[in-house]
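Both counts, for ligands and for their atoms, begin at 1 and track the order of listing. Since this is a predicted model, take the numbers as computed values, not measurements.
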Amino acid sequence: MTTTDSATSASDPATAASLILEAYASYRARLTDVIARAKPHFERRDWHGVQADSAHRLGLYNLAVQEGLQRLRDRLGPALVAHGTWAGLRAAYAPLIAGRDDAEIAETFFNSFTRRLFQTVGVDPEMEFVSPADDTPRYHAPWSQTIRIDATGGPPAAAFRAVLDAFEFAPGYLDPDGDAGRLAERTAAVPFDAIELARAVFYRGKGAYLVGKLFDGDRETPLLIALTNATGQVGVDAVLTTADEVSVVFSFARSYFLVDTDRPRELVDYLRTIMPRKPLSELYNAVGFNKHGKTELYRSLLRHLATSDDRFVVAPGQRGMVMAVFTLPGFDVVFKVIRDRFEYPKTVTHDEVRQKYRMVFRHDRAGRLVDAQEFEHLAFARDRFHSGLLHELLTSCSERVRLVGDTVDISHLYTERRLRPLDVYLREASPDAARDAVVDYGLALRDLAATNVFPGDMLLKNFGVSRHGRLIFYDYDELCTLAECRFRELPAPREDADEGAAEAWFYVGERDIFPEEFRNFLGLSGDLLEAFLAHHRELLGVHFWHRMQELHAAGEVLDIYPYRSAHRLRPTPRRPRDADGVSG
Ligand SMILES: Nc1ncnc2c1ncn2[C@@H]1O[C@H](COP(=O)(O)OP(=O)(O)O)[C@@H](O)[C@H]1O
Ligand SMILES: [Mg+2]
């Protein structure tokens with residue numbers, strides 16, 4: 001079908017729909033290019049290259065949507081914003097993507113166009129793909145996208161050696177036989193007759209991860225092999241064999257992997273067989289399809305509301321000064337709306353708050369910064385809100401929350417995984433669990449410092465505890481890079497009698513930070529304070545912070561391991577940032 005007359009093309013949905021598909025294809029092609037660089041970066045130890053690409057790829061989606069919109073605008077003119085155009089486009093687009101291995105991502109891509117143009121409140125099923133065309137699991141064992149190594153013909157070490165041979169890297173392995181032997185030793189408690197691994201290697205930061213299962217007949221055990229390149233040659237750094245441990249590597253508090261796949265749903269379904277508790281949305285995020293992860297989160301929210309009587313309530317913990325935070329008791333997510341006004345002493349603006357969330361999105365999240373999804377124009381029935389919460393939202397978030405008839409419209413909010421706020425957790429946990437949490441709180445500060453982040457408002461209430469007992473930060477409005485901070489020692493009191501002065505007699509700049517004062521902020525006492533000091537006393541002095549600043553200024557990319565050092569194959573020299581041998 002060829003038309004030259006633009007009026008005719010405007011009424012030709014198939015041509016316009018193919019423009020959207022072209023934009024989608026160009027997004028996927030550019031994404032594939034970036035992902036293809038992950039392997040050479042790893043092989044050459046080009047960690048700055050990894051960092052740049054990890055941030056760059058996050059912008060590819062919106063870029064492709066913008067380009068596609070521009071082409072559509074050129075072609076359709078005013079018809080672009082006619083509701084009817086999009087019903088036609090949707091009908092024309094559906095057959096174009098049917099049968100694609102990534103059809104669900106292509107649907108989400110289409111929805112991004114309509115949402116951008118129409119600011120739809122809620123969802124419009126005529127213009128958008130609401131429920132997926134095909135929601136049946138697409139992974140079936142045995143999966144063609146895996147390699148399988150038979151382990152019945154020889155010792156386990158030989159099978160692991162075959163695994164390493166199957167995943168080649170340009171500089172080669174430093175000690176493949178030694179690593180294979182150590183892998184066999186570390187997995188000795190798990191009987192297996194075959195090793196299966198996804199062909200796609202998961203790259204992130206300074207690590208490369210092989211993910212799959214050990215089989216004993218039909219009994220499956222999760223398997224994750226972590227590779228590093230510390231010396232210029234590749235080595236096996238760690239091995240994990242439980243769903244919980246693997247799940248921590250795939251955490252919502254870490255940046256998304258660079259992993260090459262033409263079949264996202266198959267890959268995600270495969271990962272679900274390894275980490276059955278992880279929500280579909282988080283797995284899509286983890287493999288880098290975060291817009292579709294958001295679609296899946298929204299769908300699971302609608303499903304939850306449709307199948308329960310759950311009502312939105314204020315989230316447990318201390319009330320935020322910047323954010324109004326609420327949740328559904330039966331759904332593991334918090335909803336955060338920026339308040340109209342911030343109480344003293346908060347001086348940030350709405351724009352700055354949003355910029356901080358954007359900065360976190362692009363930064364290495366180090367396993368310590370919760371992932372946030374940004375939503376616009378959500379609508380819920382009024383009777384789903386606890387009345388006290390609704391009153392609070394309508395009065396303190398009136399710029400973003402409106403009541404229209406019986407519908408609550410929220411023009412902007414963030415969602416995050418719900419954690420147990422640390423202040424609440426410490427009140428209810430056993431003494432041992434509380435001590436562990438306080439020690440991990442210090443490790444979280446160190447991990448953040450290792451990625452050049454100072455959390456700003458480091459009070460206990462701004463950290464949450466995950467299902468795995470990991471400490472994760474969620475209050476971003478004062479977060480900054482270490483370079484933006486000036487870590488200072490408290491000056492010794494002057495001789496001349498100012499000690500009683502109510503205000504500091506020395507100049508305190510906006511970014512001046514006195515680590516000695518952290519002790520007061522923490523509000524810890526007794527055993528918990530002792531546990532913190534035993535592991536992290538150096539965080540209360542300036543030297544630690546100055547050293548971190550120097551390392552970052554020198555362009556060092558520091559190691560953060562997403563597993564405990566007990567899982568590492570080689571004993572490691574003690575590093576200052578994991579004093580107790582626990583890391584990541
Ligand atoms: N991801 C989360 N999980 C559980 N509770 C949360 C989460 N994020 C925030 N909260 C709760 O909401 C409160 C306010 O949120 P926060 O992000 O700290 O905003 P503010 O900048 O207004 O303090 C927190 O003190 C905590 O109790
Ligand atoms: Mg807070």
Side-chain angles (χ1 to χ4, degrees), residues 251-254 279 281-282 285 294 297 301 310 312-361 365-375 386 388-389 392-393 395-397 399-401 410 412-429 437 440-441 444-445 448 453-480 521-523:
S251 166
F252 55 85
R254 298 185 192 280
S281 58
E282 285 178 21
N285 293 345
K294 189 175 142 183
L297 173 65
L301 171 62
D310 235 2
F312 293 106
V313 294
V314 175
Q318 285 195 38
R319 181 180 182 278
M321 282 200 270
V322 169
M323 293 286 186
V325 183
F326 57 98
T327 188
L328 289 158
F331 192 71
D332 244 9
V333 166
V334 292
F335 303 82
K336 306 173 81 159
V337 184
I338 303 177
R339 293 186 191 276
D340 298 339
R341 275 177 298 280
F342 311 145
E343 287 156 33
Y344 179 84
K346 292 280 181 191
T347 54
V348 286
T349 64
H350 285 196
D351 268 354
E352 283 162 352
V353 173
R354 294 179 65 161
Q355 269 167 33
K356 296 290 181 176
Y357 275 76
R358 245 173 268 142
M359 167 186 166
V360 168
F361 175 64
R365 283 184 282 110
R368 301 299 188 172
L369 298 173
V370 73
D371 195 14
Q373 264 67 44
E374 194 169 11
F375 283 87
H386 186 273
L389 168 64
E392 178 179 1
L393 291 175
T395 50
S396 117
C397 307
E399 290 177 27
R400 289 178 171 71
V401 183
I410 305 181
H412 180 265
L413 61 69
Y414 297 102
T415 62
E416 293 169 3
R417 251 293 272 278
R418 186 174 65 215
L419 301 158
R420 199 73 181 147
L422 180 56
D423 53 337
V424 177
Y425 182 87
L426 291 180
R427 287 199 293 272
E428 50 191 29
D440 202 51
Y441 166 77
L445 292 177
L448 291 171
V453 168
F454 186 71
D457 199 342
M458 54 189 279
L459 296 174
L460 304 184
K461 65 177 181 181
N462 291 324
F463 282 79
V465 184
S466 78
R467 182 160 63 79
H468 298 106
R470 284 180 52 85
L471 270 283
I472 295 169
F473 187 66
Y474 48 64
D475 183 342
Y476 297 155
D477 58 80
E478 291 184 31
L479 178 144
C480 58
F521 284 131
L522 300 184

Checklist outcome for this item: heavy-atom search around atom 26 (C) of ligand 1 in the protein gives Tyr474 OH, 3.4 Å
Item to check | Any Leu301 side-chain heavy atom under 4.5 Å of Leu328 side chain | outcome: yes
Item to check | Protein contact to atom 15 (O) of ligand 1 [nearest heavy atom, distance to 0.1 Å] | outcome: Val325 CG2, 3.5 Å
Item to check | Distance filter under 4.0 Å to Arg418 heavy atoms, resulting ligand 1 atoms | outcome: 3 (N), 4 (C)
Item to check | Contacting atoms of ligand 1, where contact means under 4.0 angstrom from a heavy atom of Gly320 | outcome: 14 (C), 20 (P), 22 (O), 23 (O)
Item to check | Close side-chain approach of Arg339 to Met321, heavy-atom, < 4.5 Å | outcome: no
Next on the checklist: As an exercise, identify every atom of ligand 1 less than 4.0 angstrom from a heavy atom of Gly317.
Outcome noted: 27 (O)
Checklist outcome for this item: Taken to the nearest 0.5 Å, the spacing of Arg418 CZ from Thr327 OG1 works out to 4.0 Å
Item to check | Val322, portion touching ligand 1 at heavy-atom distance under 4.0 Å | outcome: both
Checklist entry - What's the verdict on salt bridge (Lys or Arg N to Asp or Glu O under 4.0 Å) for Asp332 and Arg417, showing C-alpha distance, side-chain angles and the deciding distance? => result CA-CA 6 Å; Asp332 244 9; Arg417 251 293 272 278; 3.7 Å; yes
Checklist entry - Parallel under 30°, tilted from 30 to 60°, perpendicular over 60°: which one fits the rings of Phe335 and Phe312? => result perpendicular
Checklist entry - Less than 4.5 Å apart, any side-chain heavy atom of Val313 and any of Pro329? => result yes
Checklist entry - Can you find a non-hydrogen atom of Pro421 under 4.0 Å from ligand 1? => result yes
Checklist entry - Are Arg400 and Leu413 side-chain neighbours, meaning at least one heavy-atom pair lies under 4.5 Å? => result no
Next on the checklist: Give me the nearest non-hydrogen protein atom to atom 2 (C) of ligand 1 as residue plus atom name, then the distance to 0.1 Å.
Outcome noted: Val334 CG2, 3.6 Å
Checklist entry - Taking only heavy atoms of Arg417, which atoms of ligand 1 are found under 4.0 Å from at least one of them? => result 1 (N), 2 (C), 3 (N)
Checklist entry - Looking only at N/O atoms, are Glu416 and ligand 1 under 3.5 Å apart anywhere? => result yes
Checklist entry - Taking both backbone and side-chain atoms of Val370, is any N or O found less than 3.5 Å from an N or O belonging to ligand 1? => result no
Next on the checklist: Looking at Lys294 and Glu374, is there a salt bridge between them, counting it only when a charged N and a carboxylate O are closer than 4.0 Å?
Outcome noted: no
Next on the checklist: Can you tell me which portion of Asp475 lies within the under-4.0 Å heavy-atom range of ligand 1? Options are side chain, backbone, both, or neither.
Outcome noted: both
Next on the checklist: Give me the nearest non-hydrogen protein atom to atom 21 (O) of ligand 1 as residue plus atom name, then the distance to 0.1 Å.
Outcome noted: Asp477 OD2, 2.8 Å
Checklist entry - When you measure from atom 25 (O) of ligand 1 to every protein heavy atom, which one gives the shortest distance, and what is it? => result Gln318 O, 2.8 Å
Checklist entry - Taking the inter-plane angle between the rings of Phe463 and Phe473 on a 0 to 90° scale, is it parallel (under 30°), tilted (30 to 60°) or perpendicular (over 60°)? => result tilted
Next on the checklist: Checking the side chain of Arg365 only, and the main-chain atoms of Phe252 only, is there a donor and an acceptor separated by less than 3.5 Å?
Outcome noted: yes
Checklist entry - How about Ile410 and Phe375: do any of their side-chain heavy atoms sit closer than 4.5 Å? => result no
Checklist entry - For ligand 1, which atoms, with element, lie under 4.0 Å from some heavy atom of Asn462? => result 18 (O)
Next on the checklist: Checking one value in my table: which N/O/S atom of Asp475 lies closest to the Mg ion (ligand 2)?
Outcome noted: OD2
Item to check | Asn462 near the Mg ion (ligand 2) via N/O/S, less than 2.8 Å | outcome: yes
Next on the checklist: Starting from atom 3 (N) of ligand 1, what is the nearest protein heavy atom, named by residue and atom, and what distance separates them?
Outcome noted: Leu419 N, 2.9 Å
Item to check | Proximal candidate to atom 17 (O) of ligand 1 [heavy atom criterion; set Glu343, Lys336, Met323, Met321] | outcome: Lys336
Item to check | Asp475 with Lys356: basic N within carboxylate O range, under 4.0 Å | outcome: no
Checklist entry - Just which atoms of ligand 1 are under 4.0 Å from any heavy atom in Pro316? => result 27 (O)
